Amino acid sequence: MSAPYAPNEIESKWQRRWEADGLYRARVDWDRPKHYALTMLPYPSGDLHIGHWFAMTPSDARARYMRMQGFNVLFPMGFDAFGLPAENAAIARNIHPKEWTYDNIERMRQQLRSMGAMFDWDREAISCDPSFYRWTEWLFTKFFEGGLAYRGEATVNWSPSLQTVLANEQVIDGKDERTGQPVVQQQMTQWFFQTTRYAEELLDFSKLEWPDPVRTMQSNWIGRSEGALVTFATEADEPIEIYTTRPDTLWGATFMVLAPEHEQVERVTRDEQRAAIDAYREQAAGATEIERSNEQREKTGVFTGGHAVNPVNGARIPIWISDYVMLGYGTGAIMAVPAHDQRDFDFARKFGLEIRPVIQPEGEALDGETMTCAHLGPGRMRNSGDLDGTPATEARGRANPAIDRVIDWLEERKLGRESVRYRLRDWLISRQRYWGAPIPMLLRGDGGYEVVPSEALPVLLPEGVEFMPGGQSPLKRLENFRQTTDAAGNSAERETDTMDTFMCSSWYQYRYLSPDFPSGPFDPEEAAYWLPVDVYTGGAEHAALHLLYTRFFTKAMRDVGVFEETARAMQRHDRSPQGLFDEPMLHLRNQGDILGEERRGDFVVATGRHKGNHLLADRIEVIDAALAPERSGDVVGEILRRTENVLLVADRSGQSTAVETGPHTQIEIPGIEGKNNVGQLRHHLEIQRMSKSKGNVVNPDALVAEYGADTVRAYLMFAFDWEKGGPWDSQGMMGIVRWLNEAWELATGPSPSEVGDRDAEDRLARCVHRCIARVSESLERFSFNTAVAALMSLRNDLRGARREAAVGAEAWNEAIRTLLLLMAPLVPHIAEELWSRRGLEYSIHQRRWPTADPALLVGDTIKLAVQVNGKRRDEIEVATDADEDAIRRAALASPKVQRHLKGREPKKIIVVPGRLVNLVG
RNA sequence: GCCCGGGUGGCGGAACGGGUAGACGCGGGCGACUUAAAAUCGCCUGGCCCUUGGCCAUGCAGGUUCGAAUCCUGCCCCGGGCACCA
């Protein structure tokens, strides 16, 4: 009898051995095909959680599978280490952000090692390390020199609680996406990247194999629209340009609206309206995004007193201002067509402005006086001069005949021109915080900006600084940091803002290639071989942020020439660089989220006295829920929630009562000795996102200690659809425990028989080869749960074979050998241990993946379902190579089939090879 | 409101371009072993009925097809994203 499976002993042993042997070091080898597998790097927040395991261990299994398939696989890991939490910890606990960050990294590195993943730790990159951020800074200077980074004034999102500005992508519903704190709009001068220059290219996903939802989200975020720019003359002799996607409704424009911040407001406003306009502008400037949207879209606005002329029909129309027009989109000014735009309609109704229908729907006469909502559908143009009768469809842009004709009409008369606009804004990368890469720019005495030269990089983040409770960056007050000299030796002021941390994660995949490379962001020789990333895995929450930024970054790097040397290196190795630097990651897969487990709350009997509608409890006893009907008390039921000392208890009828406990309340929990307190009572846990405050987090370290890393890995892969995730189920782990225990016994035990039986061995070989095919195909398409299922099936087959005791040593050894190879990517430690115990050559992870023998995937005979009129009635067994005629005869020979045909001849017989035969009567 | 996903046993989930629905596992039931429990092993496990057989079943209602979880139309739920973008 051999020793039982003891995961904790074997796992650390193999982890040490693999590390000592450098088993997972990836080295350039032009004779082998490469595979760059990348999984999103963690932020070093403190501890690795189960979500990290769920993201990384299946990615590791896929990388290992590719390696066994013969690819030279690079699978690196690092830390996205700049960011606010470190700085907040510094303020709260008086620890330097650097110390906090590196302590966390040290702990998380150990936790990551416990996964048994094939991370190449020689390539580890940490974004807050000067050797890394030196090149983040350098890339900024390249972008600046290439005209892609600029300093500009814009309406930006200022977070008072974080004391910094944020990019549009980082603001959701007027709140900061990470903390949920409100954000205000302010005009500020900041550093930007010209992401908008790439809007069109970013909309092209043709080179990418990315999930549909991510592509849609990015497309929506970029928000391309086709329309026209039209200039309206005004009585103030101040022509105003507007952007519209509906030039076909120009004849229905009955007023204009400018954004309150629009610079021409000043000049079109007439004196009698100036006071009202100024008041409105002031109020709009102070409002947060939330306040603007909180008003239930009730339209507000003020008349400027000025008028414009509609260029298409000469109509005199009033000019208003309103905060429903955004300065940052289009030209910040619109023509209002209330008859065909709901927002304009609402505004016109509120302020009694004219509504003039110019698109006539089929069979219905629109009347501006009586309309109750804007008409947005198709129709024909009317009240539109020569263009009356042109059909307007629901299509957008030139695809709509009305829009198409009107744009041509405008261009012929020089009244306007076709224009494409995007919702996407330039990326605001300045942050008024300390813990980030300094922006390597100097403000000269003459007011111009210059870059810190490459030799002087990195601009080091000064360490001896004092943190203020408010969060203001200490860099601003650090005179010896600020005061410096420019290239000419004149005194200059250093930029004290740092860069958005999304900059670091936009290019980290390149630093991994050579994290110590001293003369560039990456070694072109490494890049020439490894780029681009073949498979990228991680959470879908980054769809519009990180994943859009990194695409922009790669294109920008390409355009400022960062990849030129890499391209030359590729050509030296006969690899064409054509198109290889257009996109960072070719294939993307998103895993879902693991949610908290549902748990019943304790069932309690509470007695005490009622006060109002709640109970002051003298005694609370936890009972078996099944006994509840037999017990009586003042309140009997399940604890739904606990807030401090107040329990919310729901009785059988669903009615809930607040039960208040005090120091004298006697609490009895069977199984917990001594005096119990209210904190030991368990409340109901709903399925929701895991968080410490909800008490529903699953700690992977504890699971690894109890079951071993392989079990945790396999369970995460087996229990969920990886792309979907779902609620944790602590009971399910036992299925994996049983599987691995039995695999251990099968592989360490003797073969079932001394002498083999041909038939039994043949049957087993078929099971093995079917398993090879299923596991391969599953891992190929990231279907980890079916890969584990196939391996469990093989375990069942092997169990059956052992019981039958008809398989000889040779066939058995071959089956076990293949089983271990197939298990290796998913559960690397136990596979290695069993491999070694069976005396096979180290390491299993360097062996080739088995291939399924097609001859063994099909038997001599095959079972076919027989349907009569599409309903399954019987099953027949025929020779695999039986022709249609033989199948027909066999089907007709079935008594069950004959009964259902009721003696009639079938009109038609459909034979689906390998599947079924359907007799239609 | 608009745009994406998705609704399959008690539960997690299978079912490659329409072809035997429910693989694999959890949970549950019965039995074996055991003084007992756990562990382990064996069998059963979508529902219903007139039970060597049959009927109904993939959110609901239709449709296309010899055949639909899969395709089409309409509706209902759930999850996510965007949200005065002119």
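By convention in this document, chain letters (A, B, ...) are assigned in the order of the sequence lines, proteins followed by strands, and residues within each chain are numbered from 1. All of these numbers come straight from a predicted model, not from anything done at the bench.
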All heavy atoms of A/Arg589 vs all of A/Arg781, minimum pair found to be NH1-O, 3.8 Å
Apply the syn/anti split at 90° from 0 to B/G7 and say which one it is.
anti
Per the O4'-C1'-N9-C4 / O4'-C1'-N1-C2 angle with a 90° window around 0, B/U51 comes out syn
Verify the ring-centre separation between [Y] and [X]: is it less than 6.0 angstrom?
| X | Y | value |
| --- | --- | --- |
| A/Phe347 | A/Trp320 | yes |
| A/Phe784 | A/Phe718 | no |
| A/Tyr329 | A/Tyr422 | no |
| A/Tyr715 | A/Tyr707 | no |
| A/Phe782 | A/His587 | yes |

Can you tell me how far [atom2] of [N] sits from [atom1] of [X], to the nearest Å?
| X | N | atom1 | atom2 | result |
| --- | --- | --- | --- | --- |
| A/Leu740 | B/C24 | CG | P | 18 Å |
| A/Leu716 | B/G12 | CG | C1' | 13 Å |
| A/Asp729 | B/G10 | CG | C1' | 12 Å |
| A/Asp593 | B/G6 | CG | C1' | 15 Å |
| A/Leu327 | B/C84 | CG | C1' | 15 Å |
| A/Asn220 | B/C3 | CG | P | 10 Å |
| A/Ile594 | B/G12 | CD1 | P | 14 Å |
| A/Lys896 | B/U20 | NZ | P | 18 Å |

Between [N] and [M], how far is it from one [atom1] atom to the other, in whole Å?
| N | M | atom1 | result |
| --- | --- | --- | --- |
| B/U58 | B/G46 | C1' | 11 Å |
| B/C49 | B/C43 | C1' | 25 Å |
| B/G31 | B/C75 | C1' | 50 Å |
| B/G67 | B/G74 | P | 23 Å |
| B/C4 | B/U65 | C1' | 30 Å |
| B/G47 | B/G29 | P | 15 Å |
| B/U70 | B/G79 | P | 24 Å |
| B/A68 | B/C56 | P | 13 Å |

Out of [options], whichever nucleotide has its closest atom nearest the side chain of [X]:
| X | options | value |
| --- | --- | --- |
| A/Arg396 | B/G53, B/A83, B/A86 | B/A86 |
| A/Arg781 | B/A15, B/A86, B/A23 | B/A15 |
| A/Phe718 | B/G19, B/C24, B/C82 | B/C24 |
| A/Arg873 | B/A83, B/G54, B/U20 | B/G54 |
| A/Glu777 | B/C24, B/G54, B/C16 | B/C16 |
| A/Asp212 | B/G5, B/C3, B/A15 | B/G5 |
| A/Asp721 | B/G54, B/G13, B/A15 | B/G13 |
| A/Arg803 | B/A23, B/G13, B/G42 | B/G42 |
| A/Val912 | B/C66, B/G19, B/A86 | B/G19 |
| A/Lys724 | B/G13, B/A15, B/C26 | B/G13 |

Phosphate OP1/OP2 of [N]: any [X] side-chain N/O under 4.0 Å:
| X | N | result |
| --- | --- | --- |
| A/Arg423 | B/A83 | yes |
| A/Arg795 | B/G25 | yes |
| A/Tyr243 | B/A86 | no |
| A/Arg246 | B/A86 | no |
| A/Asn741 | B/U40 | no |
| A/Arg738 | B/U40 | yes |
| A/Asn869 | B/G67 | no |
| A/Arg899 | B/G54 | yes |

Whether the side chain of A/Lys299 and the base of B/C84 hold a donor-acceptor pair under 3.5 Å is what I'd like checked.
yes
Does A/Asp341 or A/Ala544 map to a spot on RNA chain B nearer the 5' end, using the closest nucleotide for each?
A/Ala544
RNA chain B: A/Arg425 or A/Pro213, which has the more 5' nearest nucleotide?
A/Pro213
Looking only at side-chain N and O atoms, does A/Ser783 offer a donor or acceptor that is under 3.5 Å from a partner on A/Thr786?
yes
Considering every strand and a 4.0 Å limit on heavy-atom distances, what is the contact class for [X]: base, sugar-phosphate, or nothing?
| X | result |
| --- | --- |
| A/Asn918 | base |
| A/Arg799 | sugar-phosphate |
| A/Asn796 | sugar-phosphate |
| A/Gly725 | sugar-phosphate |
| A/Gln867 | base |
| A/Glu541 | nothing |
| A/His340 | nothing |

Are [X] and [Y] within salt-bridge range, i.e. N to O under 4.0 Å?
| X | Y | answer |
| --- | --- | --- |
| A/Arg224 | A/Glu226 | yes |
| A/Glu884 | A/Arg888 | yes |
| A/Arg246 | A/Asp341 | no |
| A/Glu877 | A/Lys863 | no |
| A/Arg799 | A/Glu742 | yes |

Using Watson-Crick or G-U wobble pairs with both distances under 3.5 Å, give me RNA chain B in dot-bracket, 5' to 3', with [ ] for crossers and | for pairs to another strand.
(((((((..(((......[....)))((((((.......))))))((((...))))..(((((..]....))))))))))))....
